[in-house]
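Scroll down for the structure; my scribbles are underneath it.
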Amino acid sequence: MHRPSLLLSLLTLLTLLTAAPLPAIGYRPLPHLKPNSSDLRFGDSKKYEGSSEFVHLRYHMGPVLTGSITVHTIWYGQWQKSQKKIIREFIGSFSAVNAKHPSVAGWWDTVRLYTDQTGANISRTVRLGEQKNDRFYSHGKSLTRLSIQSVIKSAVTAKTKPLPINPSNGLYLLLTSDDVYVEDFCGQVCGFHYFTFPSIVGYTLPFAWVGNSAKLCPGICAYPFAVPEYMQGLKPLKSPNGDVGVEGMISVIGHEVAELATNPLVNAWYAGQDPVAPVEIADLCEGIYGTGGGGSYMGQLLNGKDGATYNMNGIRRRYLVQWLWNHVVSYCTGPNALDQ
């Protein structure tokens, strides 16, 4: 299994993503040398966070999700009620404008800066839609990128309680349990998004897959709440919700949903010349979670009284979620920025 090197830079990661097979819109966090360290500085600017005059994120005239967004979830495999609750409350926090600052809703405000060709902003409203349980692994415990679409087809065509068909403002989120392997999982990606093919599903539906890495590669996909074996001497950070595998999924889910909203059919907001492997608003900020983040430093984070590390608040929980690219100011932003 390929594992990213310690000093893998953002540019190297983007190169890997560009070389990945269709669909190549994936996410993988970077293992950092000194998480939450305060002794690393990047010049005198607080706005180092991925800022670059060389990033040319452009709008390619495709649709974005300007209407009320509904996230339909497929729970593939065996899931505990407590695990589902952590994820459901995270999705429910996207529109929770009354949550304590810094908030998940404040993080979503960066996504809302993006518009379609009429000037309409991406919707503030994100709600949890229908859910489908596939606890008996209808397509096995080893899935390919294409068989993931077959899982979605089974969910939307089920004889009992099928998921609703909503191509315009529906997102389909397939979550696999910790005993399911997906093509390229751990080695290349921790999650990815694309859209379904009518030849397989019957509809063009924006979807994302995210896997629970607790058994397969927590040090890769649940970092910094787990660390790779080769990073000896580095202790994992304490997770705010007590489930390392699900904790790792949270930032990946945020990553993929943000990119689905701004580039649902891979023809809207992205950088680079290749629409098959675009560089999107979350790709540009991978590994950045706070002020000063960049390189091997995650940025300045928050520490709870219980010792848990996080950077934003949800409805009732705390989460650690990567920042997103703000095309207005041309750098990565998040609700916990010290200069806001």
Side-chain angles (χ1 to χ4, degrees), residues 27 29 65 68-76 79-112 122-133 170-178 190-193 207-214 218 221-225 237-261 281-282 285-286 289-290 301-302 304 306 308-324 334-336:
Y27 167 91
L65 301 186
S68 178
I69 300 169
T70 303
V71 180
H72 301 295
T73 310
I74 303 169
W75 303 95
Y76 192 86
W79 290 90
Q80 300 173 17
K81 290 182 179 179
S82 60
Q83 295 177 319
K84 290 183 177 181
K85 190 173 183 180
I86 294 170
I87 294 173
R88 283 197 298 256
E89 290 188 4
F90 174 62
I91 296 172
S93 296
F94 283 33
S95 300
V97 294
N98 295 324
K100 182 180 177 181
H101 177 79
S103 68
V104 175
W107 168 85
W108 186 253
D109 282 344
T110 297
V111 181
R112 295 193 61 248
I122 289 175
S123 176
R124 176 185 295 278
T125 303
V126 181
R127 69 180 188 89
L128 189 65
E130 300 298 319
Q131 301 177 72
K132 191 70 176 175
N133 293 305
L171 302 182
Y172 295 80
L173 182 60
L174 174 60
L175 306 175
T176 50
S177 57
D178 59 11
C190 304
F192 62 76
H193 78 86
F207 78 91
W209 157 76
V210 179
N212 186 332
S213 65
C221 292
Y223 184 90
F225 301 118
L237 301 180
K238 182 179 180 180
S239 69
N241 297 295
D243 189 306
V244 170
V246 172
E247 213 78 65
M249 296 177 72
I250 290 297
S251 190
V252 187
I253 291 171
H255 177 118
E256 301 303 341
V257 171
E259 293 185 341
L260 277 171
I281 70 167
C285 303
E286 284 183 3
Y289 295 78
L301 309 179
L302 303 173
D306 59 353
T309 299
Y310 65 104
N311 67 345
M312 60 189 73
N313 297 286
I315 301 172
R316 285 174 289 272
R317 298 175 183 272
R318 300 163 296 172
Y319 299 102
L320 182 65
V321 186
Q322 70 150 93
W323 283 11
L324 302 171
N336 58 310

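Since the model is a prediction, treat every value here as computed from it, not as a measurement. What you see below is based on every heavy atom in this structure, not just the backbone, and it leaves out hydrogens, waters and symmetry mates.
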Let me see the working for L301 and L320 under side chain to side chain contact (heavy atoms under 4.5 Å, CB included), right down to the final yes or no.
CA-CA 9 Å; L301 309 179; L320 182 65; 4.1 Å; yes
Rounded at 0.5 Å granularity, tell me how far [atom1] in [X] sits from [atom2] in [Y].
X    : Y    : atom1 : atom2 : answer
I74  : K132 : CD1   : NZ    : 9.5 Å
E256 : L173 : CD    : CG    : 9.0 Å
D243 : K85  : CG    : NZ    : 14.0 Å
H72  : L174 : NE2   : CG    : 14.5 Å
L175 : I253 : CG    : CD1   : 5.0 Å
W323 : M312 : CH2   : CE    : 8.5 Å

Grab the two heavy atoms, one from [X] and one from [Y], that are nearest each other, plus how far apart they are.
X    : Y    : value
P240 : A308 : CA-CB, 3.6 Å
V257 : L171 : CG1-CD1, 4.0 Å
N212 : G245 : OD1-CA, 3.3 Å
G314 : A99  : O-CB, 3.5 Å
I69  : A261 : CD1-CB, 4.4 Å
I86  : R317 : CG1-NH1, 3.6 Å

Is it the case that the side chain of [X] and the backbone of [Y] share a donor-acceptor pair, with hydrogens and angles ignored and the cut-off at 3.5 Å?
X    : Y    : answer
N313 : P102 : yes
Q322 : A282 : yes
S93  : I315 : yes
E247 : A222 : no
K84  : W79  : no
S103 : G106 : yes
S95  : R124 : yes

Side chain to side chain contact (heavy atoms under 4.5 Å, CB included), that's the test. Do M249 and Q83 meet it? Break it down for me.
CA-CA 10 Å; M249 296 177 72; Q83 295 177 319; over 6 Å; no
Check this for me: E130, atom CD, are more than 12 non-hydrogen atoms of other residues, nucleotides or ligands nearer than 6.0 Å?
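Check fails, neighbour count at 12 or below.
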Quick one, F207 with F192, criterion side chain to side chain contact (heavy atoms under 4.5 Å, CB included). Give me CA distance, side-chain angles, the key distance, then yes/no.
CA-CA 9 Å; F207 78 91; F192 62 76; 3.9 Å; yes
Using only heavy-atom distances, determine whether the side chains of N336 and W107 contain a donor-acceptor pair under 3.5 Å.
no
Do V321 and I250 pass the side chain to side chain contact (heavy atoms under 4.5 Å, CB included) test, and can you show the C-alpha distance, the side-chain angles, and the key distance before you say yes or no?
CA-CA 7 Å; V321 186; I250 290 297; 4.0 Å; yes
Passing option when Y319 is tested against Y289, F90, F225, F94 for ring pair (Phe, Tyr, Trp, His ring centres under 6.0 Å)
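Testing each of Y289, F90, F225, F94 against Y319, the sole residue satisfying ring pair (Phe, Tyr, Trp, His ring centres under 6.0 Å) is F90.
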